[in-house]
Enquirer: 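Take this structure first; my questions come after.
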Amino acid sequence: MGSRSSSEITSKPIGIFDSGVGGLTVVRAVMRELPNESIVYFGDTARVPYGNKSTATIRRFAAEIVELLIEEGVKLIVIACNTVASNAREYLMDNYSVKFVDVIAPTVEAAIRVTKGKIGVIGTKATIGSGCYMRLIKKLAPNVEVIQKPTPLLVPFIEERHYNHTLDTLLEDYLRELRDAKIDTLLLGCTHYPLIKERIERIIGDEVVVIDSSHYTAKKVKAILQQHSMVNETAKPSHKFYFSDIPVDLPKLAHDFLGIEIEPYLKVLG
Ligand code: DGL
């Protein structure tokens with residue numbers, strides 16, 4: 001029976017956050033998978049990138065964002081940033097009672113389903129340095145070989161919308177080692193990378209399956225909401241997009257990531 005309190009919970013928004021605009025790839029997938037859900041997004045554009053920061057700083061920034069989303073009354077929080085998920089997930093779960101979903105486990109599970117035995121992982125320095133992907137893949141599939149490669153310059157290129165031959169040269173450099181090692185699956189361990197997925201696929205070659213986190217994370221969000229009877233079946237959704245800075249390129253970038261126009265609101269943290 002739908003009690004008043006359960007309908008109060010189902011109508012609450014989902015919180016989704018990232019260090020910047022990358023998490024909008026996850027927002028896009030969640031909107032597709034759960035069209036009745038309202039979303040409150042937070043992108044920490046004033047402090048991006050997180051990928052070259054220390055774990056202590058990443059945790060502090062992430063905690064501030066989680067507190068803001070909790071104040072917004074969200075029913076679940078999606079950590080749509082691999083850098084935060086790999087450096088701060090346990091910390092956040094230990095300190096806040098809200099439900100969390102992050103981009104790592106659903107993507108690893110998807111990669112393990114398709115691999116023939118050799119997975120490559122690319123991500124920011126902080127993500128790869130955390131060893132989080134390596135540990136989880138080895139735990140779930142001990143016989144799978146994992147080859148990791150930090151690719152720290154990709155986020156700045158994407159944020160600059162610098163999609164040209166210089167980016168291809170950089171990708172050639174970054175991916176050579178993984179191609180030479182004959183990986184069969186490449187896991188995109190950063191929510192910015194779906195924007196250049198086609199270039200990555202072209203350079204890594206047809207034989208390699210390239211997996212990004214957005215679709216699998218959205219499926220996981222749906223499964224968790226269903227499991228807790230928290231899916232919003234009826235309402236007309238309304239979304240809010242908060243950013244800690246609104247740089248000039250933000251509307252264009254947000255459109256690249258989300259495919260629709262948004263109205264960005266400034267929310268200064270700290
Ligand atoms: N989008 C973030 C991630 O998934 C990376 C961007 C950053 O370095 O802040 O890791």
Side-chain angles (χ1 to χ4, degrees), residues 15-30 41-66 77-89 91-92 100-108 110-111 120-134 136 148-162 167 170 174 186-197 200 210-218 220-221 241-245 247 249-250 253-254 256-258 269:
I16 303 182
F17 77 96
D18 178 43
S19 57
V21 285
L24 293 173
T25 54
V26 177
V27 171
R28 189 176 190 156
V30 170
Y41 182 78
F42 187 88
D44 199 359
T45 36
R47 302 189 291 200
V48 71
Y50 283 11
N52 52 9
K53 294 191 169 59
S54 67
T55 297
T57 297
I58 295 167
R59 286 182 180 168
R60 180 162 56 83
F61 289 174
E64 288 175 10
I65 299 170
V66 164
I77 294 180
V78 184
I79 307 174
C81 176
N82 300 71
T83 305
V84 173
S86 56
N87 284 271
R89 178 177 172 274
Y91 172 80
L92 294 173
F100 287 100
V101 172
D102 72 83
V103 282
I104 294 180
T107 322
V108 164
V121 183
I122 56 173
T124 66
K125 265 193 217 164
T127 296
I128 298 300
S130 76
C132 181
Y133 277 101
M134 177 71 90
L136 188 58
Q148 307 190 95
K149 177 85 186 166
T151 49
L153 292 175
L154 295 184
V155 168
F157 267 76
I158 295 166
E159 296 257 337
E160 284 299 324
R161 307 176 82 241
H162 204 82
L167 173 58
L170 180 65
Y174 277 153
L186 177 62
L187 202 156
L188 304 187
C190 175
T191 50
H192 278 70
Y193 299 173
L195 263 279
I196 53 166
K197 189 174 178 185
I200 291 173
V210 178
I211 294 202
D212 81 75
S213 52
S214 50
H215 168 72
Y216 302 102
T217 305
K220 183 76 169 190
V221 172
F241 295 93
Y242 294 129
F243 296 90
S244 53
D245 185 27
D249 275 347
L250 183 68
L253 259 180
D256 288 351
F257 277 80
L258 203 51
L269 292 179

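Counting starts at 1 for both ligands and their atoms, in listed order. Just so we're clear, the structure is a prediction, and the values are computed from it rather than from any experiment. Every heavy atom of this structure was used, including side-chain atoms; hydrogens, water molecules and symmetry mates were not. Numbers for residues simply follow the sequence, beginning at 1.
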Enquirer: Can you tell me how the ring of His162 sits relative to the ring of Phe157, calling it parallel under 30°, perpendicular over 60° and tilted otherwise?
Expert: perpendicular
Enquirer: Tell me which residues fall inside the under-4.0 Å heavy-atom shell around ligand 1.
Expert: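 Protein residues near ligand 1 are Asp18, Ser19, Val48, Pro49, Tyr50, Gly51, Cys81, Asn82, Thr83, Thr124, Val155, Cys190, Thr191, His192.
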Enquirer: Under a 4.5 Å cut-off applied to non-hydrogen side-chain atoms, are Ser213 and Tyr193 in contact?
Expert: no
Enquirer: Please work out which of the three classes, parallel, tilted or perpendicular, describes the rings of Phe241 and Tyr41, given edges at 30° and 60°.
Expert: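 Tilted: the ring planes of Tyr41 and Phe241 meet at 30° to 60°.
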Enquirer: Other residues, nucleotides and ligands only: do more than 12 of their heavy atoms fall within 6.0 Å of NZ on Lys197?
Expert: yes
Enquirer: Measuring from atom CD1 of Ile104 to atom OG1 of Thr127, what distance do you get when rounded to the nearest 0.5 angstrom?
Expert: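 Ile104 CD1 to Thr127 OG1: 6.5 Å, rounded to 0.5 Å.
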Enquirer: Does a salt bridge link Arg161 with Asp256, judged by any charged N lying under 4.0 Å from a carboxylate O?
Expert: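 Yes, this pair counts.
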